[in-house]
There are 2 protein chains.
Amino acid sequence: MSDDNSKRLTIYDLAQLAQSSPSTVSAVLNGTWQQRRISHKLADRILALAHAEGYSINMQARALRRERSGIVGMIVPMYDNRYFSSIAQAFEAEARRRGLFTIVSCTNRDPEQEREAARMMLAYRVEHLVCTGATAPDAIAEMCAAAGVPCLNLDLPGTRAPSVISANREGALRLTLAILDRLAAAGKPEQPVLFIGGRGEDHNTRERVMGFRQARRSRGLDTSDTDVLICGYEADRAQVAFQDYVERLGGPPGALFINSTISLEGIVRWLRLRGYDLDAIVLGCFDWDPLAAAFHPRLMMARQDVPAMIERVFELIDEPAKARNRRVEVLPTLIGV
Amino acid sequence: MSDDNSKRLTIYDLAQLAQSSPSTVSAVLNGTWQQRRISHKLADRILALAHAEGYSINMQARALRRERSGIVGMIVPMYDNRYFSSIAQAFEAEARRRGLFTIVSCTNRDPEQEREAARMMLAYRVEHLVCTGATAPDAIAEMCAAAGVPCLNLDLPGTRAPSVISANREGALRLTLAILDRLAAAGKPEQPVLFIGGRGEDHNTRERVMGFRQARRSRGLDTSDTDVLICGYEADRAQVAFQDYVERLGGPPGALFINSTISLEGIVRWLRLRGYDLDAIVLGCFDWDPLAAAFHPRLMMARQDVPAMIERVFELIDEPAKARNRRVEVLPTLIGV
DNA sequence: TGGTGTTGCACAATCGGTTGTGCATTTTTG
DNA sequence: CAAAAATGCACAACCGATTGTGCAACACCA
């Protein structure tokens with residue numbers, strides 16, 4: 001190890017130590033030395049020296065000169081949720097495989113924070129920006145367009161950028177059918193089924209409601225507006241809305257289509273605290289959580305296929321031409337049916 | 001908006017447009033223009049121009065010249081876990097408040113990936129590096145030391161860097177006491193209590209086992225080695241180890257101290273699939289998950305105090321002198337007791 | 001032996017901000 | 001009204017890597 005008495009080692013320092021030139025050192029260290037006809041001997045010497053002295057390249061300098069940062073950015077609403085965190089994790093893993101460095105920002109579903117995060121990412125000259133669960137994806141898409149940076153939406157449709165989303169309608173349809181089957185098997189096919197959770201402005205929620213209604217219609221059931229509670233995702237909201245519903249109905253519905261694990265939390269908490277037997281109610285949740293599955297094996301879940309979605313994202317990244325405002329849908333898989 | 005016909009706008013372009021000089025533009029844009037006695041009028045004109053043209057600073061250039069990146073790095077083993085993801089989220093939020101940009105890497109508890117992530121972070125010239133749940137924290141600390149970058153450990157003690165950890169022993173002691181109380185209240189104080197999950201090389205696990213034993217000793221109970229199953233954290237491992245234990249014992253123990261929500265997943269899955277009533281077993285878990293709480297209100301959990309831990313981390317960052325290999329412990333809070 | 005080709009490397013410009021310094025103007029002071 | 005001080009800005013040298021280009025030295029061929 002070198003003495004770190006003052007500054008970090010640069011290629012100029014190495015050049016001096018190796019009695020060579022900065023350009024040669026640079027070529028050796030970035031692997032282009034063969035093209036530059038640097039002798040094997042000198043290359044070895046420089047590599048050994050760099051290693052011995054603990055040289056670390058300065059990525060800012062490289063990025064500046066190359067006019068390529070090697071960074072991809074991702075904006076997520078939050079981490080502490082199995083869905084978004086697995087998205088971030090899968091994205092980072094795939095980016096790493098491609099030699100790209102990932103930066104992720106968490107914007108709490110706040111449009112202002114989203115804009116600010118996008119601004120920073122563009123300032124760091126990300127080569128691609130992927131937005132997940134943003135509230136204002138088009139604003140970000142426009143910033144990216146102005147900067148000439150390709151932008152993708154994940155889990156949300158944007159009008160101004162290509163997007164990869166779950167097949168929300170089809171997934172919801174299948175989940176609903178599974179719920180109805182379970183209800184019929186339990187001998188109570190006529191009991192009410194409640195759709196709860198999500199937001200009205202949210203495209204995913206709207207699609208899922210449509211799938212829900214469509215599935216019921218295919219079974220000859222009509223869906224009253226009072227059986228669709230779009231109360232927000234938050235656990236507490238869902239809990240309050242559900243309690244209202246149960247009080248109006250005089251008891252819990254026969255089955256529930258719960259639109260996210262967050263809402264599931266509120267519903268289950270309420271049911272358990274009131275002493276209801278979860279096994280007596282058919283539960284389906286659009287989204288997946290392994291702990292929920294462990295606690296309630298009969299819980300049906302539409303698990304969004306994160307690995308496949310990330311794969312599609314990179315396919316769109318690879319072929320920007322093909323991507324032109326396309327929308328790719330990925331079918332979630334049903335768990336516990 | 002400008003025509004983005006070719007490249008991104010630079011301060012040189014702005015200087016030309018404003019009939020001024022790059023240094024003036026730079027000063028105006030980074031807020032030091034008053035010190036440089038730039039007139040208010042000119043500053044306003046340049047700001048308006050920059051805004052109109054959608055100028056975005058190049059952080060690589062700034063970082064290179066300033067020799068300060070404004071970036072802090074964090075290494076976590078994984079995201080898709082409530083504990084680590086909330087750590088990442090809290091860290092990013094606090095860093096943002098301080099005008100720092102955060103980059104997080106997820107290294108899957110793999111020492112090689114950890115080294116690689118640290119190397120990259122140092123190449124990006126992070127100003128601080130915080131390691132959480134790393135398997136080889138000291139290796140990273142040494143890399144940082146060689147680079148002259150302050151390094152902190154979070155949730156793990158390192159010998160070569162200051163660290164912030166949960167008060168594992170005290171937390172485990174309190175959780176165990178709560179478990180024993182619950183067991184006594186259920187009228188079966190003599191039933192076996194099993195400690196399960198975690199890794200032997202893991203400092204946190206060792207401390208928690210000590211707290212567990214200590215609590216039992218304080219109640220006059222001895223702890224047999226067969227009642228401590230250090231089988232790894234993974235759900236499947238815990239499940240298999242637990243099944244073995246139950247088969248040896250001829251039935252489930254009266255109570256369980258489960259060392260992580262990951263292990264909890266395996267245990268609960270097994271119990272439920274075998275048809276056991278969770279309410280008949282006293283369950284305590286070192287770590288917290290809101291969905292688990294919803295499904296099983298009587299589950300006791302030691303919730304690690306992430307906000308407080310992050311606060312301590314930044315205190316150590318602020319006062320490097322004070323930090324000198326200190327170890328700060330933060331008491332987890334008991335949920336559901 | 002002179003010309004051509006190849007090998008092996010160094011030079012210097014460049015990426016886009018930052019910042020110490022210098023120098024005209026203008027204003028203030030005695 | 002001259003000297004001193006303040007104002008307002010531009011110049012140019014960086015930061016550390018990349019890369020087009022140039023040019024010795026040597027090999028090869030006729």
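Quick caveat, the model's predicted, so the values are computed rather than measured.
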Give a yes or no on whether a salt bridge exists between A/Arg109 and A/Asp202, defined as a side-chain N under 4.0 angstrom from a carboxylate O.
->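 Answer for the salt bridge query: no.
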
For the pair B/Asp318 and B/Arg98, find out whether any cationic side-chain nitrogen is under 4.0 Å from an anionic carboxylate oxygen.
->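 B/Arg98 and B/Asp318: salt-bridged.
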
Given atom [atom1] of [X] and atom [atom2] of [N], what is their separation to the nearest angstrom?
X        : N      : atom1 : atom2 : answer
B/Tyr124 : D/dG16 : OH    : P     : 17 Å
B/Gln60  : D/dC15 : CD    : P     : 18 Å
A/Tyr12  : D/dA17 : OH    : C1'   : 6 Å
B/Gln19  : D/dG8  : CD    : C1'   : 16 Å
A/Ile57  : D/dA17 : CD1   : P     : 6 Å
B/His40  : D/dC9  : NE2   : P     : 12 Å
B/Arg36  : D/dC11 : CZ    : C1'   : 11 Å
A/Asn30  : D/dA17 : CG    : C1'   : 9 Å

Under 4.0 angstrom, heavy atoms only, what part of the nucleic acid is [X] near: base, sugar-phosphate, or nothing?
X       : value
A/Thr32 : nothing
A/Ser26 : base
B/Ser23 : base
A/Leu29 : nothing

Pair A/Phe84 + B/Tyr79: ring centers closer than 6.0 Å =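 No, the ring of A/Phe84 stays outside the 6.0 Å limit from the ring of B/Tyr79, centre to centre.
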
Exercise: do B/Ser56 and A/Arg125 side chains pair donor with acceptor under 3.5 Å |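 A pair is found: one side chain offers a donor N or O, the other an acceptor, under 3.5 Å apart.
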
In terms of side-chain heavy atoms, does A/Asp155 have a donor or acceptor partner in A/Tyr83 at a distance below 3.5 Å?
->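 Looking only at side-chain atoms, A/Tyr83 and A/Asp155 do form a donor-acceptor pair, the distance falling under 3.5 Å.
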
Using the closest heavy atom to pick a nucleotide of DNA chain C for each, name whichever of A/Pro22 or A/Arg37 lands nearer the 5' end.
->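 The residue whose closest nucleotide sits nearer the 5' end is A/Arg37.
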
In a check of side-chain hydrogen bond (donor to acceptor under 3.5 Å, both in side chains) between B/Thr135 and each of B/Arg199, B/Gln113, B/Glu114, which one passes?
->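 So the option named by the test is B/Glu114.
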
Quick one: which of D/dC15, D/dT19, D/dG16 gets closest to the side chain of A/Asn58?
->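 So the nucleotide nearest the side chain must be D/dG16.
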
So, the side chain of A/Glu127 versus the backbone of A/Val149: is there a donor-acceptor pair under 3.5 Å, distance only?
->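 No, because the side chain of A/Glu127 does not come within donor-acceptor range (under 3.5 Å) of the backbone of A/Val149.
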
Side-chain donor/acceptor of B/Thr24 to backbone N/O of B/Ser20, under 3.5 Å |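 Side chain of B/Thr24 to backbone of B/Ser20, a donor-acceptor pair under 3.5 Å: no, none is there.
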
CZ-CG distance between B/Arg312 and B/Asp305, expressed to the nearest 0.5 angstrom |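 Going from CZ on B/Arg312 over to CG on B/Asp305, the span is 8.5 Å.
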
Mind checking the CZ-CG spacing from A/Arg160 to A/Asn153? Nearest 0.5 Å is all I need.
->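 Going from the CZ atom of A/Arg160 to the CG atom of A/Asn153 covers 11.5 Å.
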
Residue whose closest nucleotide on DNA chain D lies nearer the 5' end, B/Glu67 versus B/Ile38 =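 Of the two residues, B/Ile38 wins.
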
Between B/Arg65 and B/Leu42, which has a closest nucleotide on DNA chain D that is more 5'?
->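 By nearest-heavy-atom nucleotide position, the 5'-most residue is B/Leu42.
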
Outermost DNA chain C nucleotides near chain A [under 4.0 Å, heavy atoms] =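 Listed 5' to 3', the contact boundaries are C/dT7 to C/dG16.
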
Five-pair end axes of the helix from C/dT1-D/dA30 to C/dG30-D/dC1 and the angle they enclose, rounded to 10° =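 Angle reported: 50°, given to the nearest ten degrees.
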
